[in-house]
Amino acid sequence: MCGIVGYVGPRDCSEVLVSALSKLEYRGYDSAGIAVFEDDKIKVAKSKGRLLDLVDKMKKEGRPCGHAGIGHTRWATHGEPSDVNSHPHSGKRVTLVHNGIIENYKEIKQFLIDNDRTFLSDTDTEVVAQLLDFYYDGNPIKTIHKVLREVRGSFALGIVFADHPGTVYATRCESPLIVGQGLGECFIASDVPAIIQYTKDYYLLEHDEIAVLKNGTVSFCDLHGRHIEKDLKTADWDPDSAEKGGYEHYMIKEIHEQPTSIKTTISPRIENGMPDLSECGITPQMLKGYRQIYIVACGTAMHAGMVGKYVIEKLARVPVIVDIASEFRYREPLINEDDLVIIISQSGETADSKAALELSKELGAKTLAIVNGKGSSIARAAEMVIYTHAGPEIAVASTKAYMVQISVMYLLAFEMAYANGKITEEECAKLTKSLMSTPDYIEKTIEDLIDDCQYISTKLITADSLMYIGRGLDYALSMEGSLKLKEISYIHSEAYAAGELKHGTISLITDGMPVIAVVTQNTLMEKTVSNIKEVKARGAMTIIVCDQYANIEGDVADYVIRVPQIDEILMPMVGIVPLQLLAYYTSVNRGNDVDKPRNLAKSVTVE
Ligand code: M6R
């Protein structure tokens, strides 16, 4: 879960590498480093801490000057974050950066130690650098091939050889890597935002392919050195979309981008007022007749799946099981060719979700991926793909990706329900129309609630712990609201099905403890309000999120946050907004690094 970059071209390489790495810090940010050919010699600069710490260090100690090199931003897996464990790592003639994990690094390390090699770091990466050096015979491709036959795991590597100045080699297995081609310059990167300010044209490197970047152009070969022709792709992202654009943090910018992201995602999938996924190659026939549906994902994406479960079950009347990818993959799931497995992932690279997808395919189930990362591993491996068009999501805390994921869940549920004959054409068109109107309501909700949420968050900042409660779709929202708050504010919180409280958890309620109750489902309102009264009677400070017309008695709530009333089934789309804003402002008010919360990384490409 790191970011790697590389550059060959006329620009100042250190500057390009630092700038590209700054767009990949979401992948990890506990240390950073670069290696650049300076006067035909590899010069390395690296530092524990954020990229800015590396920049400061280079200001004091000098930075490598040249036109070809590699860079890395790290999320530590093997060895604590420290200067010495930071990438790049070197053997005598080889220096490299690595994203991923080398599973058999211990055996290889022992082999190298037995052959008189010594190690500086605790990383698995240094083992690859040393092994390359051990086998190096002056032929980089042959040596990379030999090493790739011995290492096991997931990796993307950017490599420079001391006796091939000005050339960068790259290869990958499992971990993602793209190769950008600009005018007289070329790049490698773990993700498109890193290079988009320089070029929109890029190649997707496949497993066991090698890219050779030299004299500003790139060529590709297989492990035997045989030339490969590849298709150049063009990113449809605007370079500005990976910038903060005047906002203080990416997270708040991305919250504001939600209405646009929904429009861009759903518009191409609606024809004559009806959901139509043919743009994604999906016909109604492909969505019907399943025995059961599994939705498998991690974190926020899994919470989007919870919304999907309620909506698909309610409308299409097919049983839906939502599973955490890391659980699903190890418990021999009871699926077969009569089932559909839906994988949801923003990055499309999450290791557990990817493994769950492979397992589902092995077991014969049909697979459908809902993915934001274009050309990502999950998108490429699934039989059916619906891309969400959120654009780059940089903040670690996911907001707009969740929003587009649930909007796709709605479209899917409407089309499935109609295909299964569970709703009429008229009902389907009505729901689709309501969905199309949500961006305007969301925009208004954001504008109207910013001040309220900023104020109410000041009541949360000193809490040790809080609770989110709700029923049905509101429970699904509570889970996401709770995750959002804890991941960026570092305040402990739990999401509970409101009706479960008195089976144990209500004992946690103490005087002044904040309880955020989500009550957007009118059909369940009475029941949830009773639960709110129960916690209020035990001293809780209650914050209620409900629609604009909900009749909430004065003594039930300390604070009421009202969102527009839209079709009840679509209420999560407006209901999630105040939960995102509360989390955001609580984090800001506690002085946290909102976009880069401690211990986390955006793309979890390791188990
Ligand atoms: O890229 P993915 O959607 O597969 O990532 C899944 C989770 O890691 C992710 O949603 C995570 O929970 C978010 N950072 C939470 O805000």
Side-chain angles (χ1 to χ4, degrees), residues 1 3 24-29 75 174-176 190-193 249-252 254-255 258 261 295-308 322-329 342-357 369-382 385-388 390-406 408-409 476-477 479-490 493 495 576 579-584 586-587 592-607:
M1 260 167 28
L24 293 184
E25 268 197 295
Y26 71 85
R27 302 178 69 89
Y29 35 81
W75 186 83
E174 300 292 341
S175 305
S190 300
D191 200 357
V192 176
H249 300 103
Y250 283 110
M251 183 176 174
I252 190 70
E254 288 161 4
I255 288 174
Q258 296 184 112
S261 301
I295 303 182
V296 186
C298 305
T300 287
M302 191 269 291
H303 295 155
M306 288 298 294
V307 172
V322 179
D323 219 337
I324 298 169
S326 55
E327 290 294 312
F328 176 89
R329 62 182 291 195
I342 302 176
I343 305 284
I344 308 180
S345 175
Q346 187 284 126
S347 60
E349 299 295 347
T350 302
D352 285 318
S353 306
K354 218 158 84 179
L357 171 62
I370 298 173
V371 176
N372 198 44
K374 306 278 171 325
S376 56
S377 308
I378 291 176
R380 282 186 285 159
V385 183
I386 305 177
Y387 277 115
T388 53
E393 190 181 60
I394 310 288
V396 167
S398 180
T399 52
K400 63 174 178 172
Y402 171 83
M403 191 63 100
V404 290
Q405 284 159 357
I406 63 173
V408 167
M409 293 314 311
L477 275 195
M479 288 170 144
E480 176 54 10
S482 168
L483 173 62
K484 212 85 305 169
L485 184 94
K486 60 190 147 199
E487 76 174 320
I488 57 171
S489 75
Y490 317 146
S493 88
I576 192 62
L579 305 185
Q580 295 170 337
L581 291 171
L582 283 174
Y584 172 72
T586 307
S587 176
N592 294 351
D593 189 343
V594 177
D595 289 331
K596 296 187 195 115
R598 71 184 177 205
N599 305 339
L600 285 171
K602 179 116 190 118
S603 200
V604 186
T605 55
V606 292
E607 246 194 281

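We number each residue from 1, following the sequence as shown. FYI, side chains are in, hydrogens and waters are out, and symmetry mates aren't considered; it's all heavy atoms of this structure. Whatever order the structure lists ligands and atoms in, that order sets their numbers, starting from 1.
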For a quick test of reading the model, state the closest non-hydrogen atom pair linking Pro392 to Lys400 and the distance between them.
O-NZ, 3.0 Å

With distance as the sole criterion, is a donor-acceptor pair present between the side chains of Thr399 and Gln258 under 3.5 Å?
no

Report the residues that fulfil salt bridge (charged side-chain N to carboxylate O under 4.0 Å, His left out) with Lys486, sequence neighbours left out, ordered by chain and then residue number.
none

Between the CD1 atom in Ile343 and the CG atom in Asp352, the distance rounded to the nearest 0.5 Å is 10.5 Å

As a test of reading the model: which N/O atoms of the protein lie under 3.5 Å from N/O atoms of ligand 1, and at what distance?
from     : atom 1 : to     : atom 2 : distance (Å)
ligand 1 : 1 (O)  : Ser347 : N      : 2.8
ligand 1 : 1 (O)  : Ser347 : OG     : 2.6
ligand 1 : 1 (O)  : Thr350 : OG1    : 3.3
ligand 1 : 3 (O)  : Gln346 : N      : 2.6
ligand 1 : 4 (O)  : Ser345 : OG     : 2.6
ligand 1 : 4 (O)  : Thr350 : OG1    : 2.4
ligand 1 : 10 (O) : Thr300 : N      : 3.2
ligand 1 : 12 (O) : Thr300 : N      : 3.1
ligand 1 : 14 (N) : Val396 : O      : 2.7
ligand 1 : 16 (O) : Thr300 : OG1    : 3.3
ligand 1 : 16 (O) : Ser398 : N      : 2.8
ligand 1 : 16 (O) : Lys484 : NZ     : 2.8
ligand 1 : 16 (O) : Glu487 : OE1    : 3.4
ligand 1 : 16 (O) : Glu487 : OE2    : 2.3

Residue list, side chain to side chain donor-acceptor pair (under 3.5 Å) with Thr300, at least two apart or on another chain
Glu480, Lys484

Just to verify, what does Asn592 make a side chain to side chain donor-acceptor pair (under 3.5 Å) with, not counting sequence neighbours?
none

